[in-house]
Q: 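For reference, the structure I am asking about is given below.
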Protein chains: 2
Amino acid sequence: MPYRKRQRSTPQRRIILEELQKVRSHPTASELYELVRIRIPKISLGTVYRNLELLAEQGTIKKLSACGKETRFDGVVNPHYHVFCCQCGRVDDVFDLPKGFPLETPEYVCGYRILGQRLEFFGICPKCNSCPRDIQHEPPKEKE
Amino acid sequence: MPYRKRQRSTPQRRIILEELQKVRSHPTASELYELVRIRIPKISLGTVYRNLELLAEQGTIKKLSACGKETRFDGVVNPHYHVFCCQCGRVDDVFDLPKGFPLETPEYVCGYRILGQRLEFFGICPKCNSCPRDIQHEPPKEKE
DNA sequence: CTGTCTGCAAATGGTTTGCACCATA
DNA sequence: TATGGTGCAAACCATTTGCAGACAG
């Protein structure tokens, strides 16, 4: 049980959370910064980072660390999975898993006491798929 | 089919690959750099990065991007999964999946044409687990 | 009042890149 | 000898942090 210092409620923290929960695009810190800046023009990027970290620690939001070099954030914390487009970097939610899924989380794997698991899909999104091959909207993100 | 320029064989590239395939610790670029430096003292970190990138692109090695801020590399490319220790950052291979696994890769998910999937486990490794709680060998890495 | 939070700016640190020289095919 | 690769150092850029003033409780 990690020590957690008591925290205050600030308009910055509240609005960062509101804006994140309002979108379904899994924004990066900078993208969210731009959204929040509409409502709090003087907010700083550092504050956004600090609060996202804090909200993620307390489990109010989730970090998606596996989708390129910028961390993305997800305001929806009920269990679901993600699909990443290898071409344009888009991220979508997967609530309905294909048959064979979902998965139980095992208690132990290789001696590790398991706390969680992550399942992610990689592929080509419908938009990229409908374009001629080798023509990319954006440079491809890392695959695995 | 992405264009790939023809590449030469250099001692640097060969030895980077050899050293990576020799260890099972999923080293970071810097860790691998230290290993390679024993054999090629004058090699530069930039060369290590450039070659790891290249080897990953051609599928000879794999990038593990979801385990903290430093990218780790895996010289074993046959399909297997990973367990990450949330406390010390250790990464282990999982070749024997618990029942229910492994999973078929679906052809389509949410309209995406699926190229691959990634399943990862997070938990506490045996070493960390045997220590009193809240005493960490190293600062915790990000969880999810 | 006390201690947390913010804005600002500077620092960090992993990764990438420009360049001139080197070496493979 | 043409061109890809290397070492070196500087650049990049997402993220973190130190600090002084602001503000919540």
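Predicted, not measured: the structure shown is a model, and the values here were computed from it. Convention: sequence-line order gives letters A, B, ...; per-chain numbering from 1.
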Q: Could you work out which one of D:dG5, C:dG14, D:dT16 sits closest to the side chain of B:Q7?
A: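 Nearest listed nucleotide: D:dG5.
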
Q: Measure from CG on B:N51 to P on C:dT24 and round the result to the nearest Å.
A: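 Rounded to the whole Å, the gap is 14 Å.
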
Q: Decide yes or no for A:R39 and A:E18: does some side-chain heavy atom of the first lie under 4.5 Å from some side-chain heavy atom of the second?
A: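 A side-chain contact exists here, since the closest heavy-atom pair is under 4.5 Å.
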
Q: I want to check one thing: is the phosphate of C:dG7, taken as OP1 and OP2, less than 4.0 Å away from some side-chain N or O of A:Q12?
A: yes

Q: How many Å lie between CG on A:L55 and C1' on C:dC5, as a whole number?
A: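 Computing the A:L55:CG to C:dC5:C1' distance gives 13 Å.
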
Q: Nearest-Å distance, NZ (B:K69) to P (D:dC12)?
A: 20 Å

Q: D:dT6 P sits how many Å from B:I43 CD1, rounded?
A: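 Taking CD1 of B:I43 and P of D:dT6, I get 7 Å after rounding.
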
Q: Are any of A:Y49's side-chain N or O atoms less than 4.0 Å away from OP1 or OP2 of D:dT15?
A: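 So the side-chain polar atoms of A:Y49 do come within 4.0 Å of the phosphate oxygens OP1 or OP2 of D:dT15, strictly under.
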
Q: Reckon A:S30 touches a base, only the sugar-phosphate, or nothing at all at heavy-atom distances under 4.0 Å?
A: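 Touches nothing.
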
Q: Using heavy-atom distances to pick each residue's nearest nucleotide on DNA chain C, tell me which of B:T10 and B:A29 is more 5'.
A: B:A29

Q: In terms of side-chain heavy atoms of B:R8, which of C:dG14, D:dG7, D:dA2 is nearest?
A: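 Closest nucleotide to the B:R8 side chain: D:dA2.
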
Q: With DNA chain C as reference, determine whether B:P11 or B:L45 sits nearer its 5' end, using the nearest nucleotide of each.
A: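 Result: B:L45.
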
Q: What is the distance, to the nearest angstrom, from the CD1 atom on B:I40 to the P atom on D:dG5?
A: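 In whole Å, D:dG5 P and B:I40 CD1 are 15 Å from each other.
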
Q: Please confirm whether the shortest side-chain N or O distance from A:K42 to OP1 or OP2 of C:dC8 is below 4.0 Å.
A: yes

Q: For C:dC5, take OP1 and OP2 only and decide whether either is under 4.0 Å from a side-chain N or O of A:T47.
A: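 For C:dC5, OP1/OP2 do not have a side-chain N/O of A:T47 under 4.0 Å.
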
Q: Base, sugar-phosphate, or nothing for B:R50, non-hydrogen atoms under 4.0 angstrom?
A: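 Touches a base.
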
Q: Please report the shortest heavy-atom distance between A:K62 and A:V76, naming the atom on each side.
A: CD-O, 4.4 Å

Q: So which nucleotide from D:dG25, D:dC8, C:dC5 ends up closest to the side chain of B:S44?
A: D:dC8

Q: Has A:T28 got a side-chain N or O lying under 4.0 Å from the OP1 or OP2 atom of D:dA14?
A: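 Checking D:dA14 against A:T28, no side-chain N or O comes under 4.0 Å of OP1 or OP2.
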
Q: In whole angstrom, what separates B:R72's CZ from C:dT15's P?
A: 10 Å

Q: Using salt bridge (Lys or Arg N to Asp or Glu O under 4.0 Å) as the criterion, list what pairs up with B:R14, not counting sequence neighbours.
A: none

Q: Can A:D93 and A:H82 be counted as having a side-chain donor-acceptor contact under 3.5 angstrom?
A: yes

Q: Within this structure, what is the CZ-to-P distance between A:R13 and D:dG25, rounded to whole angstrom?
A: 10 Å

Q: Rounding to a whole Å, what distance do you find between B:R14:CZ and C:dT24:C1'?
A: 11 Å

Q: Verify, without hydrogens or angle tests, whether A:R72 (side chain) and A:L64 (backbone) share a donor-acceptor contact under 3.5 angstrom.
A: no

